[in-house]
Amino acid sequence: FEDIYSAKWNADSKEWDSINNRLGRINGNGFESVSHISEDGLLAYITLNNSADNKAKIATRSSDIAEVKWTNQGQWSTPKLLDKTVNSSFYDGNATLTADGMTMYFVSERNANAKMSDIYVSYKQGNKWSKPTALPAEINSKGRETTPFVTPDGRYLFFSSNGHTKGMGGYDVYVVERMGSSWGEVKNLGSAINTVNDDFGFKIYDALGKAYINGMELVGEKASLDIYEFNLTFAELLKGLAE
């Protein structure tokens with residue numbers, strides 16, 4: 001159904017190449033997507049859904065969060081599902097972690113009877129994760145929140161939503177600052193990032209001076225979902241928000 005792919009940057013041709021989905025044991029017959037890779041490249045968190053595959057060795061009840069590790073054999077390990085403290089019988093996915101690996105934000109529909117998809121947070125406690133708690137109503141709207149991305153220091157959380165009143169159309173990307181035990185004001189990233197269509201999957205890598213986003217472009221009655229890359233530092237982003 002859906003696989004995870006990798007690509008390598010070719011410094012000579014200035015293009016991405018070597019695109020393939022032969023990634024060890026990650027991809028199976030279900031749905032797989034990657035949402036977080038550690039800075040050393042040895043640990044990744046993926047969203048996995050094998051509920052339609054009766055022969056799957058890894059059985060999921062819906063979409064679940066799994067951990068994969070880079071092995072000494074030079075390939076990714078078999079995905080290991082996080083325990084039922086994190087994974088519910090509803091959709092759970094899009095995990096993003098701080099650099100120390102101790103704080104994880106993810107999307108869940110476990111409260112679907114009352115709301116749509118919300119962002120939850122869980123903390124590493126030994127070898128287990130704490131019971132997830134939903135972020136406050138200032139962040140989790142009555143609509144859908146998705147594709148969170150936390151900066152390595154845990155200070156800023158980016159996410160997409162179709163439920164905040166300051167949206168430009170469809171899903172927009174927002175940012176909110178963690179201020180100790182509370183959160184600051186949720187801010188729309190503005191027209192330099194967001195469009196009238198759906199924009200989500202925003203990630204910024206300050207060391208590279210690069211940011212990435214998934215954008216949905218409507219052409220007639222057809223839609224095309226693509227990955228976009230642009231030059232952006234965190235300082236430039238914050239300056240634009242302050243203006």
Side-chain angles (χ1 to χ4, degrees), residues 1-83 86-87 91-99 101 104-108 127 129 146-150 152 158 160 198-217 222-231:
F1 291 101
E2 181 178 86
D3 277 352
I4 297 170
Y5 283 74
S6 69
K8 293 183 178 180
W9 176 252
N10 188 319
D12 295 326
S13 65
K14 306 296 182 183
E15 293 180 345
W16 292 97
D17 60 23
S18 305
I19 300 170
N20 72 86
N21 63 346
R22 298 184 298 276
L23 302 176
R25 304 179 183 92
I26 290 183
N27 291 317
N29 293 326
F31 295 85
E32 298 89 18
S33 64
V34 63
S35 58
H36 176 83
I37 300 177
S38 61
E39 291 188 358
D40 60 11
L42 300 178
L43 179 67
Y45 284 78
I46 68 174
T47 305
L48 183 65
N49 190 331
N50 285 330
S51 57
D53 183 4
N54 295 327
K55 298 181 180 180
K57 295 181 179 180
I58 302 173
T60 64
R61 291 177 290 173
S62 179
S63 289
D64 288 335
I65 300 171
E67 179 185 276
V68 294
K69 296 180 179 180
W70 187 255
T71 68
N72 293 331
Q73 288 73 42
Q75 63 180 358
W76 290 104
S77 66
T78 300
K80 179 182 179 182
L81 293 177
L82 302 191
D83 60 39
V86 173
N87 288 320
Y91 175 94
D92 301 288
N94 300 120
T96 177
L97 285 81
T98 51
M104 175 175 63
Y105 298 92
F106 66 97
V107 175
S108 179
N127 294 323
W129 289 96
T146 189
T147 58
F149 172 74
V150 64
F158 296 86
S160 286
D198 290 333
D199 305 287
F200 52 92
F202 179 86
K203 299 179 185 294
I204 184 168
Y205 300 97
D206 205 43
L208 301 175
K210 298 284 186 181
Y212 298 85
I213 195 170
N214 297 328
M216 179 75 76
E217 182 179 2
K222 295 183 178 180
S224 176
L225 179 63
D226 291 319
I227 302 172
Y228 294 85
E229 174 193 84
F230 47 98
N231 297 323

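As the structure is a prediction and not an experimental result, all values here were calculated from the model.
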Give the minimum heavy-atom separation between [X] and [Y], together with the two atoms involved.
X	Y	value
A95	S35	O-OG, 2.7 Å
I26	I4	CG2-CD1, 3.5 Å
N50	A56	CB-CB, 3.7 Å
V34	A44	CG2-CB, 4.4 Å
S51	R61	CB-O, 4.1 Å
W16	E229	NE1-OE2, 4.0 Å

Drop me the distance from [X]'s [atom1] to [Y]'s [atom2], to the nearest 0.5 angstrom.
X	Y	atom1	atom2	answer
L48	N27	CG	CG	9.5 Å
I213	I204	CD1	CD1	11.0 Å
W129	F106	CH2	CZ	10.0 Å
Y105	T98	OH	OG1	7.5 Å
N231	L208	CG	CG	10.5 Å
I37	L97	CD1	CG	12.0 Å

For [X], I'd like to know if atom [atom1] has over 12 heavy atoms of other residues, nucleotides or ligands within 6.0 Å.
X	atom1	value
F1	CZ	no
Q75	CD	yes
N29	CG	no
D83	CG	yes
I227	CD1	no

Min side-chain heavy-atom separation [X]-[Y] under 4.5 Å:
X	Y	result
D92	S62	no
E32	L23	no
M216	D199	no
W76	W70	yes
M104	V86	yes

Checking the side chain of [X] only, and the main-chain atoms of [Y] only, is there a donor and an acceptor separated by less than 3.5 Å?
X	Y	result
S38	L43	yes
K203	H36	no
T146	S160	no

List the steps, then state whether side-chain contact (heavy atoms from CB on, under 4.5 Å) holds for I58 with L81.
CA-CA 8 Å; I58 302 173; L81 293 177; 3.8 Å; yes

Is it the case that the side chains of N10 and D17 hold a donor-acceptor pair, with the cut-off being a distance below 3.5 Å and no angle test?
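Yes, a side-chain donor-acceptor pair sits under 3.5 Å.
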
Below 30° counts as parallel, above 60° as perpendicular, anything between as tilted: where do the rings of F158 and F202 land?
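Correct class here is tilted.
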
When S63 is tested against each of N87, N49, T47 for side-chain hydrogen bond (donor to acceptor under 3.5 Å, both in side chains), which residue passes?
N49

Begin from the C-alpha positions of L225 and N214 and carry the test side-chain contact (heavy atoms from CB on, under 4.5 Å) through to its verdict.
CA-CA 7 Å; L225 179 63; N214 297 328; 4.1 Å; yes

